[in-house]
Protein chains: 2
Amino acid sequence: MASTNTKQANAVKTLQTIQTEVQGSNRIALSVDCVIFGFDENKLKVLLIRSDLKEYLGKWSLLGDLVGGNEDIHDAAYRILKERTGLDDVYLEQVHTFGTVDRHPAGRVVTVAYCSLINVQHHKLKILDNELHWHDVKSISELAFDHQEIFETCYRWLQKRIQEHPLGFNLLPKKFSLRDLQNLYEAILDTKMDRRNFRKKFFAMDFLIDLDEMEQDVPHRPGKLYKFNFEKYARRKKKWVGIDF
Amino acid sequence: MASTNTKQANAVKTLQTIQTEVQGSNRIALSVDCVIFGFDENKLKVLLIRSDLKEYLGKWSLLGDLVGGNEDIHDAAYRILKERTGLDDVYLEQVHTFGTVDRHPAGRVVTVAYCSLINVQHHKLKILDNELHWHDVKSISELAFDHQEIFETCYRWLQKRIQEHPLGFNLLPKKFSLRDLQNLYEAILDTKMDRRNFRKKFFAMDFLIDLDEMEQDVPHRPGKLYKFNFEKYARRKKKWVGIDF
DNA sequence: AAAATAATGTGTTTATTTTACACATTAAAA
DNA sequence: TTTTAATGTGTAAAATAAACACATTATTTT
């Protein structure tokens, strides 16, 4: 609870003083953990790796690594993604920082959780590591460290976020049908929606571009393909006040 | 961009190996910065302190401190609040972590930003530090370090958050009038609202308890006083899906 | 004491958004 | 050719949000 270095709270400090503190004994290992979501076979997946630690053998864990002393935390997250998935043009967003004292058996490690959404099809071409596995989010349990908590925080974040921002399209191929899109939302939110109202809603938003193409090789009547108009979305006038607890 | 310690990505590591890394050279100073909001004279305020650093003399900065090597980051945030405001039963929530390499002149310091909402009346009794000042959020500029960016991130967070959660009541006295509440929302969201619709909305939510008391010492017809029913709010059934970009 | 003032407190109408719901169409499969 | 299982579309009802005006009350002013 107590830190050693600021009981005389308001004395004016010199850069010298601060430097001493910053280089002092209470420096902490900082890591980044990535919760990498994918969407495959109409199920929401998360990419896990068998724990690095022999002590956690058999447990799955998030993809993480220490942040370099000279490395931006955001860069660290991208580095991990690149190393693990081979992808470098991915959606990535910081979610939360976990800083309890005993969360890591090796010592004090504070970790910053990032969420990433990737296109599994795209990724499959590059995956090469059989310690990695796409897990169905519905059957996640008993992760190593506090990764269960981190995962749950990120999953809740995704559920909320996807309702307010067009993140989900990062999980789909560039061209998708409205059924694909609805399956995605239903999988992430774990609910069923009315097909007609769902379509009406997205058409009304007017961010979908009709590609005048049809699905190929589907075992039923093919649906039309669309892509998301990110440019138009960026230019939207954002709606504002609406109190709703 | 590169860290030294995980190029052989998938080798199984022992606790020993990890410990070496965790105690290694890339440990980082971690700090917490608190964006403390208050509401006074119908204006949203933020509590700032003259920079600790002589080098930043004249600049205002957020209230922060290094996190102790054995201190939970959340505890660190509470500690700072307690030290600076004398208050310990405050609303506090983590917002974002800022981790660019050069954000602090004294060396590598990654900082976790927390937002706090406090009751200024309550706080005034305990304030004792004339290096501290409540600034109107509308006239914030040129803060020390990257605190301008941190502040703006937290302010946007508050604007969004207050529309979805009953945070705002932490800024008001326990007993408040509906006019107080509307003034609060108008100040935070920087907008005007229709009084009748505002009241209708909050009454419909049914989380306000009518105290059967009136305002005292106001230079006009006194309004009724209410308090927020946090217990009932906690038991609400939360509404769910509603896609709206 | 009366009149003027400046706020509180309330209700209705309209527009918008959301929900519920059913049938025709198309391509693949049988 | 028939069957099947999906796509594609429209409308009515309900709920929510927005626009809007007047009576009431306590204070202040005259």
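Here is the naming used below: chain letters follow the sequence lines, and residue numbers restart at 1 for every chain. The basis for the numbers below is simple: all heavy atoms, side chains too, and nothing from hydrogens, waters or symmetry mates.
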Query raised in the report: Hey, can you pull the residues of residues 180-208 of chain A with a non-hydrogen atom under 4.0 angstrom from DNA chain C?
Result: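 Result for residues 180-208 of chain A: A:Asp194, A:Arg196, A:Asn197, A:Lys200, A:Lys201, sorted by number.
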Query - Between P of C:dT8 and CG of B:Leu225, the distance in whole Å - result: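 Nearest whole value for this atom pair: 12 Å.
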Report task. Measure across A:Lys59 and A:Ala144 and return the closest heavy-atom pair with its distance rounded to 0.1 Å. Result ->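 Looks like CB-CB, 3.8 Å.
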Requested in this report: Can you run down the salt bridge (Lys or Arg N to Asp or Glu O under 4.0 Å) pairs that involve residues 34-47 of chain A, sequence neighbours left out, and say none if there aren't any?
Outcome: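 Non-adjacent pairs meeting salt bridge (Lys or Arg N to Asp or Glu O under 4.0 Å): A:Asp40-A:Lys124.
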Report task. State whether B:Arg179 places a side-chain N or O below 4.0 Å from either non-bridging phosphate oxygen (OP1 or OP2) of C:dT8. Result -> yes
Report task. Output all residues satisfying ring pair (Phe, Tyr, Trp, His ring centres under 6.0 Å) with A:Phe169, sequence neighbours left out; order by chain, then residue number. Result ->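 If we apply the ring pair (Phe, Tyr, Trp, His ring centres under 6.0 Å) test to A:Phe169, skipping adjacent residues, the hits are A:Phe176, A:Phe228.
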Report task. Please name all residues satisfying salt bridge (charged side-chain N to carboxylate O under 4.0 Å, His left out) with B:Asp146, sequence neighbours left out, ordered by chain then number. Result -> B:Arg103
**Report entry** B:Arg161: partners by salt bridge (charged side-chain N to carboxylate O under 4.0 Å, His left out), with sequence neighbours left out
**Finding:** B:Glu93
Query - B:Leu167 backbone acceptor or donor facing B:Asn170 side chain under 3.5 Å - result: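 Checking the backbone N and O of B:Leu167 against the side chain of B:Asn170, a donor-acceptor pair under 3.5 Å is found.
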Query raised in the report: Just checking, B:Arg236 and B:Tyr233: is the charged tip under 6.0 Å from the six-membered ring centre and within 45° of the axis?
Result: yes
Report summary line: From the list B:Thr97, B:Asp33, B:Asp65, side-chain hydrogen bond (donor to acceptor under 3.5 Å, both in side chains) partner of B:Thr111 resolves to B:Asp33
Pairwise N/O distances under 3.5 Å, protein to nucleotides 23-29 of chain D:
{"residue": "D:dT24", "atom": "O2", "partner": "B:Arg221", "partner atom": "NH1", "Å": "2.5"}
{"residue": "D:dT25", "atom": "O4'", "partner": "B:Arg221", "partner atom": "NE", "Å": "3.4"}
{"residue": "D:dT25", "atom": "O4'", "partner": "B:Arg221", "partner atom": "NH1", "Å": "3.4"}

Query - Given DNA chain C, 5'-ward residue of the pair B:Asp244 and B:Glu215, judged by closest heavy atom - result: B:Glu215
Query raised in the report: Which base sits across from D:dT30 as a Watson-Crick or G-U pair, both distances under 3.5 Å?
Result: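 Across any shown strand, D:dT30 pairs with C:dA1.
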